[in-house]
Trainee: 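Take a look at this one; I'll ask things after.
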There are 2 protein chains.
Amino acid sequence: MTKATPKPRRSKAEQRAEKQELILNGAELLFAKRGLHGVTLKDVAKEVGVDTALIHYYFADKKALFDQVLERRAPVTSGRRIAAMDAYEASVGGKVTLEGALHAYLDTDLDSYIQGGEAWRNYGQIGALVAHTPEWGSEILSRLMDPVVTRLIELLRKAMPDTPDEDIFWGYQFVSGALMMTLARTGRIDKLSNGLCHSDDFEAVKARMATFMAGGFRAICDQRERERQSG
Amino acid sequence: MTKATPKPRRSKAEQRAEKQELILNGAELLFAKRGLHGVTLKDVAKEVGVDTALIHYYFADKKALFDQVLERRAPVTSGRRIAAMDAYEASVGGKVTLEGALHAYLDTDLDSYIQGGEAWRNYGQIGALVAHTPEWGSEILSRLMDPVVTRLIELLRKAMPDTPDEDIFWGYQFVSGALMMTLARTGRIDKLSNGLCHSDDFEAVKARMATFMAGGFRAICDQRERERQSG
DNA sequence: ATTATCTATAGATCTATAGATAATGC
DNA sequence: ATTATCTATAGATCTATAGATAATGC
């Protein structure tokens, strides 16, 4: 029953950071399911349990909130992936293989979602939506993802020195599409396969994707080789 | 200067159909760029040059308009692709190859966008967005696309009789992701490749995708084979 | 007569902000 | 004193509909 002022649990800076995190988490969840325009600030406020005005206090507007959701995680996974590709290249002393490059690029990203919990997987869903939004998707991706992608392109060139850049870039587009479809987790494969496969099973994807994509690149290379010999 | 009543150019039924087409075209264009929630009926009315009330006269609400945009073309390309796969299987007398099945499935779809003009390519962009929308995307795709997808799965099974269904379904997911990324035409590959490749160049995709994906499936099969021998 | 189209508007949001109040921090 | 949070609300949409008017069809 003492009335001494209790020590404040959190400093203002901490409180500020925590509340922003909470808002970002709620926004991340909702944007993941419905996209930028499918969510209102009221929806976010309700989800988080705060007032709409508080969201405006911390974030300029809805688009700024959306951008910050992406900017919170993009550099994390991007950094991990670049580090993994650097480490891979160093470990093989320049003798880069398709499988090696793709495992570093893809598995490192998938691990973020496998180990990062639901919040990370929500972020991945937003990425998949953004990657398919013609009007402004490509600008955001360029800003956030160009370094990690160009690093992969470098490695792919080293693994396939005789393959024209066009083939490498189109192949990258296929890889990227497959990865985004995985991140979207729409449950479509669950229905198609009658419950045999699950959208959320990123381990199953990790066990197959790099191998599959390496085989794809190799098939393109072989096709070029055959053209060269016969033409 | 004669005042005789001129013959009506279009019957009511024709006028009705034409105006609905115009509205669907405008809606298709806008939904393609911004998605369902990024477009208002006012936007569509302005784009088409009619009053908002007229859109309500022909379509129940925004979602119904969106659905009809998809239902106008989905059965067309779906039918073509199934016919192409049927014809392919008949032509090889059951000796199905990965390349053959994938060419029938992928190239037939790409041809619709190559030959169908901007309207068809807009439809493709919407499909890509829907395919990555967790909340309701998978229901729409199931309803519109299941027959053509299960037909492909059948052919893939015949081409790889020893490969487990899991591998086939995950491989299908990669194929589908790559195709959707192509349909999205965000311009990302243009920037990444410094103008070497163009999002709109579906011929370039057609020249590579079936080969790439067949190589991917083959790599997965080989991996399984090696596991069987060593394990 | 029936159908197509427009005018006008109700009612429901939604974003954003001003200003009040409550909670920390020197 | 400063910062966090809430109350209240302005102003701008947006969807949807009722009802009037114009254009076809028997």
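Any value given below was found using the heavy atoms of this structure, including those in side chains, with hydrogens, waters and symmetry copies removed. The chains referred to below are lettered A, B, ... by the order of the sequence lines, with proteins before strands, and numbering in each begins at 1.
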Trainee: Take G49(A) and V39(B), find for each the nucleotide of DNA chain D with the closest heavy atom, and name the residue whose nucleotide sits nearer the 5' end.
Mentor: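 Between the two, 5'-proximity favours G49(A).
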Trainee: Would you say R16(B) places a side-chain N or O within less than 4.0 Å of OP1 or OP2 belonging to dA4(C)?
Mentor: yes
Trainee: Rounded to whole Å, how long is the line connecting atom CG of L65(A) with atom C1' of dA16(C)?
Mentor: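 About 14 Å, once rounded to whole Å.
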Trainee: Just how far, in rounded Å, is C1' of dA16(D) from NZ of K63(B)?
Mentor: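 The answer, rounded to whole Å, is 18 Å.
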Trainee: Sort by first number and list every stem of DNA chain C: at least 3 consecutive Watson-Crick or G-U wobble pairs, both distances under 3.5 Å.
Mentor: C:1-24 with D:1-24
Trainee: Between atom CD1 in I23(A) and atom C1' in dT5(D), what is the gap in whole Å?
Mentor: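 Value for this atom pair: 11 Å.
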Trainee: Separation of I55(A) atom CD1 from dA4(D) atom P, in whole Å?
Mentor: 16 Å
Trainee: What nucleotide among dA4(D), dT7(D), dC6(C) has an atom nearest to a side-chain atom of D51(A)?
Mentor: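 Taking heavy atoms from C-beta onward, the closest nucleotide is dT7(D).
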Trainee: So what does Y58(A) hit on the nucleic acid, given a heavy-atom distance under 4.0 Å: a base, only sugar-phosphate, or nothing?
Mentor: sugar-phosphate
Trainee: May I ask you to check whether S199(A) and R188(A) show a side-chain donor-acceptor distance below 3.5 Å?
Mentor: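 No, R188(A) and S199(A) have no side-chain donor paired with an acceptor closer than 3.5 Å.
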Trainee: Mind calculating the distance between CZ (F66(B)) and P (dT15(D)) to the nearest angstrom?
Mentor: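 Taking atom P of dT15(D) as the reference, CZ of F66(B) is at 14 Å.
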Trainee: Assess, by modelled atom type and distance only, whether the side chains of R72(A) and N25(A) contain a donor and an acceptor separated by less than 3.5 Å.
Mentor: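 Yes, a side-chain donor-acceptor pair sits under 3.5 Å.
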Trainee: How many Å lie between CG on L41(A) and C1' on dA12(D), as a whole number?
Mentor: 15 Å
Trainee: Given dT5(C), is OP1 or OP2 found less than 4.0 Å from the side-chain N or O atoms of K19(B)?
Mentor: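 Result: yes.
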Trainee: Kindly point out which of dC6(C), dA18(C), dA16(C) is positioned nearest to the side chain of L54(B)?
Mentor: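 Ranking dC6(C), dA18(C), dA16(C) by closest atom to the L54(B) side chain puts dC6(C) first.
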Trainee: Which nucleotide sits closest to the side chain of K62(A): dT7(C), dA4(C), dT15(C)?
Mentor: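 Shortest atom-to-atom distance from the side chain points to dT15(C).
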Trainee: Using 4.0 Å as the upper bound for N to carboxylate O, is an ion pair formed by R80(A) and D111(A)?
Mentor: no
Trainee: When you measure from the side chain of D61(A), which nucleotide among dA16(C), dA18(C), dA16(D) comes out closest?
Mentor: dA16(C)
Trainee: Within 45° of the six-membered ring axis of W136(B) and under 6.0 Å from that ring's centre, is NZ or CZ of K63(B) located there?
Mentor: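 Yes, a cation-pi geometry holds between K63(B) and W136(B).
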Trainee: Between D200(A) and R185(A) (salt bridge meaning N to carboxylate O under 4.0 Å), is one present in this structure?
Mentor: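 Yes.
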Trainee: Salt-bridge test for R81(B) and D109(B): reply yes if a basic N is under 4.0 Å from a carboxylate O, no otherwise.
Mentor: yes
Trainee: Would you say K42(A) places a side-chain N or O within less than 4.0 Å of OP1 or OP2 belonging to dT15(C)?
Mentor: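 No.
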Trainee: Taking only side-chain nitrogens and oxygens of Y57(B), does any of them come within less than 4.0 Å of OP1 or OP2 of dT5(C)?
Mentor: no
Trainee: Taking the six-membered ring of Y113(B), is the NZ or CZ of R121(B) close enough (under 6.0 Å from the centre) and on axis enough (within 45°)?
Mentor: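 Output no; distance or angle outside limits.
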Trainee: Let's see if you can work this out: which of dT15(C), dA18(C), dA16(D) has an atom nearest to the side-chain heavy atoms of H56(B)?
Mentor: dA16(D)
